[in-house]
Every structure is written in structure tokens, then in C-alpha cells.
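A short write-up of the structure that comes next.
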There are 2 protein chains.
Amino acid sequence: MAETIIPKATAKRLPLYYRYLTFLANAGTTKVSSTELSEAVKVDSATIRRDFSYFGALGKRGYGYDVKDLITFFKKILNQDRLTNVALVGVGNLGHALLNYNFRQANNIRISAGFDLNPDIAGTIQSGVPIYPMADMVEQLKEQQIEIVILTVPTDAAQDITDGLVKAGIKGIMNFTPLRISVPSYVRVQNVDLATELQTLIYFLEHYGPTLKDAEADKAQ
Amino acid sequence: MAETIIPKATAKRLPLYYRYLTFLANAGTTKVSSTELSEAVKVDSATIRRDFSYFGALGKRGYGYDVKDLITFFKKILNQDRLTNVALVGVGNLGHALLNYNFRQANNIRISAGFDLNPDIAGTIQSGVPIYPMADMVEQLKEQQIEIVILTVPTDAAQDITDGLVKAGIKGIMNFTPLRISVPSYVRVQNVDLATELQTLIYFLEHYGPTLKDAEADKAQ
DNA sequence: ATTGAAAAGCGAAATATTGCACAATATTGC
DNA sequence: GCAATATTGTGCAATATTTCGCTTTTCAAT
Ligand SMILES: NC(=O)c1ccc[n+]([C@@H]2O[C@H](COP(=O)([O-])OP(=O)(O)OC[C@H]3O[C@@H](n4cnc5c(N)ncnc54)[C@H](O)[C@@H]3O)[C@@H](O)[C@H]2O)c1
Ligand SMILES: NC(=O)c1ccc[n+]([C@@H]2O[C@H](COP(=O)([O-])OP(=O)(O)OC[C@H]3O[C@@H](n4cnc5c(N)ncnc54)[C@H](O)[C@@H]3O)[C@@H](O)[C@H]2O)c1
């Protein structure tokens, strides 16, 4: 674990860099400077250089960064060199949208199992992914050695299901419900709260002047 | 604008507080302490007190905060006292999921118009929302005086459409595409990059020890 | 080879955010 | 009315993150 601990803020930007680098590579570009990258990903160029420097000297002064080198490096760092299987619990509105999306193409991530209470869905195959009944959840997760779950169930059910996920040995949860679920300290939760994000945007529009220098957010996060 | 400028990090937490406060009110609870709130929203209690204190002394020492008072106050601050209309461009996978979701109930936000290139969808009504063809976008947005747009189109189309949105006088964009769109400084963009969030979660699991004290994430963003 | 321009890397300052710890003050029960 | 208790509000130190500005290195053109 943790070669040299990287700032959380940096870690959040790595996938962003990686995606743009693969775009550049596909376009046949072989080198890139922090300034060019900066324009594309909307992150200050000094921040990009600092981010990269946590991993050692990846660039060449006076020249820039070699796109292929960076990709090779980040591919490994970001686990893009092996397929990551995740499960999805709650195959409703959002769940279906996520199932339909091809995370594999750009991210080498695959939703390999779904779970739902609804007997009309459980037992079927949706977008090529088998959906199991909730009763089978813990067993299946263990069997398939899945460590990451996307949680898109109604808010009321979120904590109960989470407790089951923890029992199943899950390590990370991407939580789309507005509930801040409780988990033991060894489980990591990534909250994606769409309604909150929308409200935050509205708040910024009402209360902050026309962009006090941050044309984008996130942290946005 | 900006009474006393509130830290961005605080602003992002306000909707979270608000949601839990309305939950408390519905449950008949009349008072709450920063410690109780802290457990529910998973934010340090001192941070909560600090956040609230930016708006003045909202609580009573030795007692806590009056739930109703806080709600009244934040309702106004967060524009929850009036309906906010937003538009959605790109009625595909994600777009449909968002259309189906009732943002009005908890957030007093309504998607009042949709736009899509696909002639099978344009001209229809989806989940009670009229979907217009792209040719009508600028005109409709102006006519309906919509200032906020949710962008769920294919990545290729994102920048072109954004340019149209800017022409239509849009002030804020919630961008679900992985492209960091370019906008003039008076337009605010909130990026929601689901694939990146998932990758970040994977990165944390691989490279950070079992939770170095942040059982949850975000910011955020 | 020499030189000029480009751009990384990085110390250090600036900025932002969090969390401790405690004095101030309200509430409650007696 | 008084003591005991609870809990806010905040100075301040700690931590995290960004950004400046400069030095060093490399490249490419002469
Ligand atoms: N759809 C959106 O745009 C949106 C926006 C913001 C937040 N959210 C949040 O995301 C979550 C999911 O939203 P959605 O719109 O997809 O909801 P949904 O109702 O469409 O889907 C929920 C799914 O979970 C299943 N389910 C219900 N109870 C279950 C249980 N106990 N165990 C397992 N599965 C169960 C249902 O059968 C359904 O398929 C909710 O918490 C919602 O608040 C959604
Ligand atoms: N679905 C997901 O789970 C998911 C996950 C991560 C990122 N995303 C991103 O969100 C965006 C939308 O994803 P999706 O899965 O909903 O895609 P989608 O293809 O299902 O939907 C896109 C919609 O936009 C419409 N469209 C296409 N070109 C258009 C144009 N020029 N103008 C207007 N409308 C146009 C299409 O008709 C379609 O209805 C994409 O950028 C995708 O990368 C989606």
C-alpha cells in the first residue's frame, strides 16, 4: 500500500489526467506540456506539475511529458491494467442507467452482478448483467470476490443493505443515496449526491459573484 | 450577492444539513445539537458549529439548535422557498433517470424542459416533461428564462451544445460528460464525473491504508 | 558546439479548511 | 434562586492544498 502517500486532492485528479492522456494518444499526439494539459482539464499547470512530481520526475525539462510514458505509468497506478469487477445494488432508474453505460471501454471496470428486491427484475439479465435476488447478495458477493458496490437503492433501505455489504466483505461503496451510511473504518464510502450537487450549484449562482476565479468546481468534489 | 462570503467547503455542506434537518422536523424533533447532527451527516461537530456561525449565532448555548429555526433560515439561503426550474439536454440513459427522479419533493427543483437530437424523443413528453428538438433549445431556454441546465449528452457533442447554452444565457451547467467544457467566466460548471469517482474509489482502496481517519469522502468535491 | 527558448521540478509563501480546547452562556432540576 | 450540566461560538494551531517564482535541464536551431 501507499508508496509515498499522495494528497487526496491529487488522487482525485488522476483519472482525469489519465482520460485526457488516452485521448491524446488516440489522436496520435506523442508529447504534452503541463500548460496544454492545463487547458484541457482546467487545472492549473503548476498543480499538474506538482501532482506528477509526487510520482517522481516523469517529464523532461524544456520538453514536456511523453504521452505514452505517462499512460503506461498511470495505467498501472490506476489499476487500469486489470479488469475491476463491481456489483450494483438497486436496479431502478439510476441503476439501469449505470448498467447500460460501458465503464469497461474507458475505465476497465465492469459491473458483473446486480441485485434487486423486485422479483420482476431479480433472476433476469439486464444489459448483459445477471440480476440476483437480495437473498443471494452476501453469498454471491463473497463467491465472486467483489469488493466494490454501487448503491442505488431507495434511501430507506440503504443502511440495512450496507450492513449486509459489510458482512459480505465489501471494501468500498459508491453511495448514490442521500443517506450518509455508517460503515466500519476499513470500508470506504464515496458519496455521489446528485440533488446536493444541484443545490450547491444553485447556491453558488445566487450567492457568489460571477466566478471568483474558479470557473469550475470540485471537488468537487 | 454574497452577504458575507462563505467558504466554498461550507457551501457544499449546506444542502446536506438542510436535508437532515427536514428529516428531523418530519420526525417531530424540535431541537438538535451539533453532536447529534455530526453523527447523522458524518461531519465533525466543530465544523458544523463553525459552518453555522458564518450565518450568525443560530443556536443557544447549553441547549442546541432549534430545528424549525434552522430550517426557516436555510430554506431561504438555499432558495428552497421558491421553485427552481432547470432544463435537461440529452434524454438518454442518465437523462431519463434524472427525469424520473422527483427533485421537487426534497429540493424544490423541477426539470421543466428537455432537449434531444433524436426525433423519436423530441416532441414527446417524458415523465411529464416536454422534450424539444435541439433546434428549439436556445429559443425555449430564453423564453422559459431557464438559467440552469443538466448536460447528459454524448461527450462529442458537449462543447458545441455548451456554446449554444451560453448563447441562451445559461448561468450554470451540471455537466455529466467527462469533458471539461469551456465556458465564459460568468458561467459556473459543476462537474459530475461518475467514472472518475469510481476510479478514485478504486485508487483509494488500493493505495491508502484502511481509512486514514476519513471513513467517507468529499468534498469533494 | 553555442545559444535561446521552453518547460519541468521544487522551495517557500499564500490560501483554505479542519479540529482542538475552552470560556461563555443557557437550560434544567432541585 | 442556585448548582450542575449541556452545548454553543471561536481563538488558535494543525493540516491540506494551491500557487508563485525561480533554478535547472533539455531541446532545437543555428
Ligand atoms: N434517479 C435520480 O436521478 C436520483 C437523483 C438523486 C438521488 N437519487 C437517489 O438514488 C437512489 C436510487 O434512485 P432511483 O431513482 O434509481 O430509485 P428507484 O426507485 O428507481 O430504484 C430503486 C431500486 O431499488 C430496488 N429496491 C427497493 N428496495 C430494495 C431493497 N430493500 N433491497 C434491494 N433493492 C431494493 C427497487 O426495486 C428499484 O429497482 C435513491 O436513494 C435516490 O434518492 C436518485
Ligand atoms: N450512463 C452512465 O451511467 C454514465 C456514466 C458516466 C458518464 N456518463 C456520461 O454521461 C453522458 C450521457 O450518458 P448516457 O449514458 O446518458 O448517454 P446516452 O447515449 O444514453 O444518451 C445521450 C442522449 O443524448 C442525445 N444526443 C446525442 N447527440 C446529441 C446532440 N448533438 N444534441 C442533443 N442530444 C444529443 C441522444 O439522442 C441520447 O438521448 C455521456 O457523456 C457519458 O459519457 C454516463
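Order of the sequence lines sets the chain letters (A, B, ...), proteins ahead of strands, with each chain counted from 1.
- Dashed line: the shortest gap from a side-chain N or O of A:T47 to OP1 or OP2 of D:dT18 is not under 4.0 Å.
- Although no hydrogens or angles enter the test, the distance criterion places a donor-acceptor pair under 3.5 Å between the side chain of B:Y208 and the main chain of A:I6.
- A donor-acceptor contact under 3.5 angstrom links the side chains of A:S182 and B:K42, judged on distance only.
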Contact string for nucleotides 25-30 of chain C, one letter per nucleotide 5' to 3', B = base within protein heavy-atom range under 4.0 Å, S = sugar-phosphate only, - = neither, reads BBS---

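- Spacing between atom NZ of A:K8 and atom P of D:dT17 amounts to 7 Å, rounded to whole angstrom units.
- For the side-chain hydrogen bond (donor to acceptor under 3.5 Å, both in side chains) test, residues two or more places apart in sequence or in another chain that qualify with B:Q159 are B:D163.
- Atom-to-atom, NZ of B:K42 to P of C:dT18 comes out at 17 Å; the value is rounded to the nearest Å.
- For B:R50 and B:T10, the side-chain atoms include no donor-acceptor pair closer than 3.5 Å.
- The A:S33 side chain lies nearest to C:dA8 when the options are C:dA8, D:dG9, D:dT18.
- One atom, CG of A:L58, and another, P of D:dT26, lie 15 Å apart when rounded to the nearest Å.
- The distance between atom CZ of B:R49 and atom C1' of C:dA21, rounded to the nearest whole Å, is 10 Å.
- Separating the CD atom of A:E36 from the C1' atom of C:dA6 is a distance of 11 Å, rounded to the nearest angstrom.
- For A:R180 and A:D193, the salt-bridge test passes: some basic side-chain N is under 4.0 Å from an acidic carboxylate O.
- With contacts defined as side-chain heavy-atom distances shorter than 4.5 Å, the pair B:I48/B:V41 qualifies.
- Minimum heavy-atom separation, B:I71 to B:Y18: O-CE1, 3.9 Å.
- Remark: B:I111 CD1 to B:I150 CD1 distance equals 4.0 Å, nearest 0.5 Å.
- Dashed line: the shortest gap from a side-chain N or O of B:S34 to OP1 or OP2 of D:dT7 is not under 4.0 Å.
- Remark: the backbone N or O of B:S34 is not paired with any side-chain donor or acceptor of B:S45 at under 3.5 angstrom.
- A:D51 pairs by the salt bridge (charged side-chain N to carboxylate O under 4.0 Å, His left out) definition with A:R13, not counting sequence neighbours.
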Pairing of DNA chain C as dot-bracket, 5' to 3': ( ) intra-strand, [ ] crossing, | other strand, . unpaired, with Watson-Crick or G-U pairs under 3.5 Å?
-> ||||||||||||||||||||||||||||||

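- Between A:R13 and D:dT18 there is a side-chain polar atom (N or O) within less than 4.0 angstrom of OP1 or OP2.
- Of the two residues near DNA chain D, B:S53 and A:A9, the one whose nearest nucleotide lies more 5' is B:S53.
- Distance CG (A:D66) to P (D:dT25): 21 Å, rounded to an integer number of Å.
- Rounded to the nearest 0.5 angstrom, A:L16 CG and B:T200 OG1 are separated by 9.0 Å.
- Rounded to whole Å, the distance from CG on A:D44 to P on D:dC20 is 6 Å.
- Residue A:F52 is out of contact with every strand shown, counting any heavy-atom pair closer than 4.0 Å.
- At a non-hydrogen distance threshold of 4.0 Å, nothing from residues 17-26 of chain A comes into contact with DNA chain D.
- Partners of B:E36 by salt bridge (charged side-chain N to carboxylate O under 4.0 Å, His left out), not counting sequence neighbours: none found.
- For A:I48 and C:dC10, the CD1 to P distance is 17 Å, given to the nearest whole Å.
- No N or O donor and acceptor, one from the side chain of B:R50 and one from the base of D:dT10, sit under 3.5 Å apart.
- Listed nucleotides: C:dG19, D:dT10, C:dG9. Nearest to the side chain of A:Y65: C:dG9.
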